[in-house]
Each structure stands twice: as C-alpha cells, then as structure tokens.
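Read the numbers this way: they start at 1 and go in the same order the structure lists the ligands and their atoms.
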Amino acid sequence: MSIEVTQSAPAQVPAVYRIRVGDVLVTALSDGYVKGGEAILRNVDLDKAKALLHAAHRRPAVVEINAFVVQHAGRTMLIDSGAGGYMGRNAGFLASNLDATGIGGSDIDTVFLTHIHPDHVGGLADKVEGKARFPNAELVVSRDEYAYWMDGTRMDHVGEADRALFFECPREQLAPYRDRLRLVKDGEVFPGVTMLEAPGHTPGHAMCLINSGTESLLIWGDTVHVPEVQTACPHAGVVFDVDPQGAADTRRRVFDMVAADRLPVMGMHLGFPGLMHLDRCTEGYRLVPMPWRHIL
Ligand SMILES: [Zn+2]
C-alpha cells in the first residue's frame, strides 16, 4: 500500500481554538514560534533549566507565540498581532489563522497591545507597503509602554540589532494607527475586559482580565516565555526583561493571584492554545492545560 503525498511541504490545518467566558467569546490564534528557549533565560541555573525542560520533553525549547480575539456586545478586539515578518519563517501565521476564523481585518474595531515588543506588534501592518491590516481598529496601548519605546534618545543609545527589533519595528508597525491611538493606564479597555498593569518585562506590560457573569479568564501576556522553567522557578527571567526584578515580582504576584483564585489563564507564550490552570507546588508552580472541548 502506498500513501499518496499531495503536499510537498505538509503543514497543520489552521491553529484556532475558541472558548466562552460567560457571554464573551475568546478565540486563540497561533502565530507560530521562534527558536531559542533556554538561550534567552536569565537568573536561573542553566543546568536546572535544562533538566526542567528535559523532564517536560521540551528540549530544544522554542518560544510559542499566540494572539487572541475577544468578541462581546457586537464588538471584536484583537489582543496582540504576532510577529508578522520580523522574527523568522516559523512565526507570522496570525493573518492566515485569522482568515480561517472568518474574521476579516476590517471586522476588528479594537487592537489591544499587551506591550510593544516585535512578537506582539509585528502583524499590525503590511511590512512592505506599510498599510494597516486592521483599517477600522482603534489601537489601545499603555501610556508608559508607548513613552518608553518611542523615546528617540533611548533608541539612539542601543545597538543595531536592538534598534531594529525594539525601536524601528514598533515605529513602522504603529505608524498607520497614529490617528487612532488610545493611550491608557488601566481600567476597562473593551466591554467586559479590564486592563491590569504588570510591569517589569517592559515598563507598560499589561494583562487583560475578562469577566462575564460568574466566569473569568486572565490573558496574562508575557508573564512567562519559557513556561516549564519560569513556573517552577518564578525568579527566572529572560534577556528581554527591561526590569528583571520588577518582572520577577510581577510574576510572583500574578502566580499567587491565579493559583489562589483558580483563575484560568491564556498566555502569549504558552503552548497553543495557551489555555491553562496554575497550581502551587511545594517548589514553585505547575501549569495544567485545560482539556480540549469540541463544543463550546
Ligand atoms: Zn513576547
């Protein structure tokens, strides 16, 4: 018996997963991944990190990238936009996965950015033509975050690679939204969705808490990048943390809240669909993926 191969480069069907939180519909979309899990870790013994990743069958580790669509009260919000064309060929799949959901770029009325690192803003605009992918969307960003990365003096004092990824990329990608930018501090950013400050990874890094009826869900942004290591060792950070101690303090605070409240979380760098519970262990914490459900 022979198996007919119809594709020269086999790929997955679209990576889309939906859940309901009360009246709110949340759709997780994979943007792909970037290589280099353990290499980005800081403030953790590397042998211990490797052992944790080995035990979790995660070596070599990659950093997965997710984004989320939230639909409620006749409105549609995208949270983060993936890496677009900025971070290699294994990322930048948000646009095709969004197409598969039937949600068009022009249907999105709000884009919320958890922060403005390239793997979160890279999909906002066409990289070549510079046109907005979400032509009807207001762009909502933390005021502190915007001020930090848009500081021209700061940009002039970094190396070439950091300048391209952390300063020029957001300038290119945010440019077509200049006239519809809403800078915020905290509070409700969309019906049923509250922005919570979670600084450290970046100065204005923020999370989204969804509340509807008796149900809640926390979209915790970049609380972790290498989940198996950073839940076991909450002090472990990554090279991209602007304020490593602040990021670790925030991570502990968020972990405490999520575990104590048994609050389900979704994360930008949790394995797709990134829907998890977090339990406290004798040492650190442990992520427990929520079971897949075919019917909402
Ligand atoms: Zn990220």
(request) Check whether the side chains of D109 and T76 place a donor and an acceptor atom closer than 3.5 Å, and report yes or no. (result) no
(request) Can you see which heavy atom on L296 is nearest to which on L25, and at what distance? (result)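 For L296 versus L25, the nearest heavy atoms are CD1-CD1, 3.7 Å.
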(request) Using side-chain contact (heavy atoms from CB on, under 4.5 Å) as the criterion, point out the one residue from D222, V224, T223, D119 that pairs with M268. (result) D222
(request) Evaluate the side-chain proximity of F112 to V193: yes if any heavy-atom separation is below 4.5 Å, no if none is. (result)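 Answer no - side chains too far apart.
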(request) Compare all side-chain heavy atoms of F255 with those of R280 and state whether any distance is below 4.5 angstrom. (result)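 They are not in side-chain contact.
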(request) Determine, for R58 against E64, whether the closest basic-nitrogen to carboxylate-oxygen distance falls under 4.0 angstrom. (result) yes
(request) Tell me how many protein N, O or S atoms are closer than 2.8 Å to the Zn ion (ligand 1). (result)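 With waters ignored, the protein N/O/S count below 2.8 Å is 4.
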